[in-house]
Amino acid sequence: MPRLDALILGAGAAGLAAARALSRAGWRLAVLEARPRPGGRIHTLHDAFWPLPVELGAEFVHGEAKTVRAAADAAGLAVEELPDLHVRAAGGRWRPMPDFYRRIAAALGPAARRRRDVTFAEHLHAAGLRPETRELAQMYVEGYVAARPDRVSARWLAAGVEDDEKENRQHRIADGYGALVRWLVASLEPDALRLNTVATRVRWRRGQAAVECRSVTGHRLDTLRAPVLLVTAPLGVLKARPGQPGAIAFDPPLAAKRAALDGLEAGHVCKVVLRFRERFWDRLDDRPINF
């Protein structure tokens, strides 16, 4: 087996971007991915019956997103801006909300000035907001941010809300996020990406890492070694305890990082994609809605 300069755990966008940079610098790599496809939470579906690519995972390019834009430009991919239109269904009618982000910023902004951080639920209780603004802010945090109000930091939410037109613009990669993944993969050596390869244990010391792997069917694979190991596995994998599905055992344990991992959370999202025969919403205006 050829000598490897580095191992990368995870072939999501972060792992692939790092692999591209190192590969272009002449490093010999192995990128290990447990799934049968690269891209992580990017999963683009192309179907002959759909006029546009369907994003089953990550979909939008938020704001300026300089890193994503730079990669898209380098790959020659078009990035399209979406209409900044927000509506709310209330009382059986569509109601436009042209000031959506301004209202969210007004609801969350005061949390950034708190001396002591609190949860969003505590902030919401003490903020004295109008009922409609309070409901809107809670819908934003639970739906858009996918966070639990009783666990997410109000100060963190406030830092991520921009009352700025440029930062709030939404975009899509015209050919789908998957086109960016394909461009990243194409920059690697043919044997660098190893799919269906599950990392189970990492034995490491300064200047040397050994990764024990198995196939998705449970067969043990060769242990891979390199002087450098870059871990870009999802948060859920890193938080998994020994014996839980997907857990990676580190030997010695990453004690210094465990506290940080325990303090991080990932929201759960169920994404439903619907296809309609016609653009019925273009005819609705302010007329009643029948669901």
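Along the sequence shown, residues carry numbers from 1. None of the values given here were measured: they were computed from a predicted structure.
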Please examine the side chains of Trp27 and Leu4, heavy atoms only from C-beta on, and report whether any two atoms are closer than 4.5 Å. no
Glu33/Arg194 salt bridge by N-O under 4.0 Å criterion: no
If you define the side chain from C-beta out and look only at heavy atoms, does anything of Pro242 sit under 4.5 Å from Arg201? no
Within 6.0 angstrom of Lys66 NZ, more than 12 heavy atoms from elsewhere: no
Applying a strict under-4.5 Å side-chain criterion to I, L, V, M, F, W and Y, I'd like to know whether Leu129 and Met97 cluster together. yes
Assess the residue pair Asp251 and Val202 against the criterion (side chain to side chain contact (heavy atoms under 4.5 Å, CB included)); give the C-alpha distance rounded to whole Å, side-chain angles, the decisive distance to 0.1 Å, and a yes or no. CA-CA 6 Å; Asp251 181 16; Val202 174; over 6 Å; no
Side-chain donor/acceptor of Lys239 to backbone N/O of Leu264, under 3.5 Å: yes
For residues Leu261 and Leu235, determine if any side-chain heavy atom of one lies less than 4.5 Å from a side-chain heavy atom of the other. yes
Test item: Trp204 side-chain N/O and Pro252 main-chain N/O as donor-acceptor pair under 3.5 Å: yes
For a 4.5 angstrom cut-off between non-hydrogen side-chain atoms, does Val185 reach Leu193? yes
Shared hydrophobic cluster, Leu7 / Leu188 (ILVMFWY, side-chain heavy atoms < 4.5 Å): no
Checking the side chain of Ser187 only, and the main-chain atoms of Arg20 only, is there a donor and an acceptor separated by less than 3.5 Å? no
Donor-acceptor check, side chain of Arg172 to backbone of Asp175, threshold 3.5 angstrom: yes or no? no
Please enumerate all residues that pass ring pair (Phe, Tyr, Trp, His ring centres under 6.0 Å) together with His46, with sequence neighbours excluded. none
Aromatic ring centroids of Tyr177 and His43 under 6.0 Å? no
Enter the distance from Ile42:CD1 to Glu59:CD here, rounded to the nearest 0.5 Å. 12.0 Å
Measuring only between side-chain heavy atoms, which start at C-beta, is Arg155 closer than 4.5 Å to Arg114? yes
Can His171 and Arg69 be counted as having a side-chain donor-acceptor contact under 3.5 angstrom? yes
Using distance alone, with no hydrogens and no angle criterion, decide if Thr119 and Asp150 have a side-chain donor and acceptor under 3.5 Å apart. no
Arg258 atom CZ: more than 12 heavy-atom contacts under 6.0 Å: yes
Under a 4.0 Å N-O cut-off, is there an ion pair linking Glu81 with Arg169? yes
If you measure only the distance, is there a donor-acceptor pair under 3.5 Å linking the side chains of Thr200 and Glu212? no
One thing to verify: whether Arg275 and Asp47 come together as a salt bridge, which I'm taking to mean a side-chain N less than 4.0 angstrom from a carboxylate O. no
A side-chain contact here means heavy atoms from C-beta on lying under 4.5 Å apart; do Leu32 and Leu224 qualify? yes
Side chains of Phe60 and Ile173: does their closest heavy-atom pair fall under 4.5 Å? no
Can you check side chain to side chain contact (heavy atoms under 4.5 Å, CB included) on Val228 and Asp5, steps first, answer last? CA-CA 7 Å; Val228 174; Asp5 299 307; over 6 Å; no
Is Glu135 paired with Arg88 through a side-chain N to carboxylate O contact shorter than 4.0 Å? yes
Matching residue for His86 among Tyr140, Tyr144, Phe100 - test: ring-ring contact (aromatic ring centres under 6.0 Å, His included): Phe100
Does the side chain of Val145 reach to within under 4.5 Å of the side chain of Trp156, using non-hydrogen atoms? yes
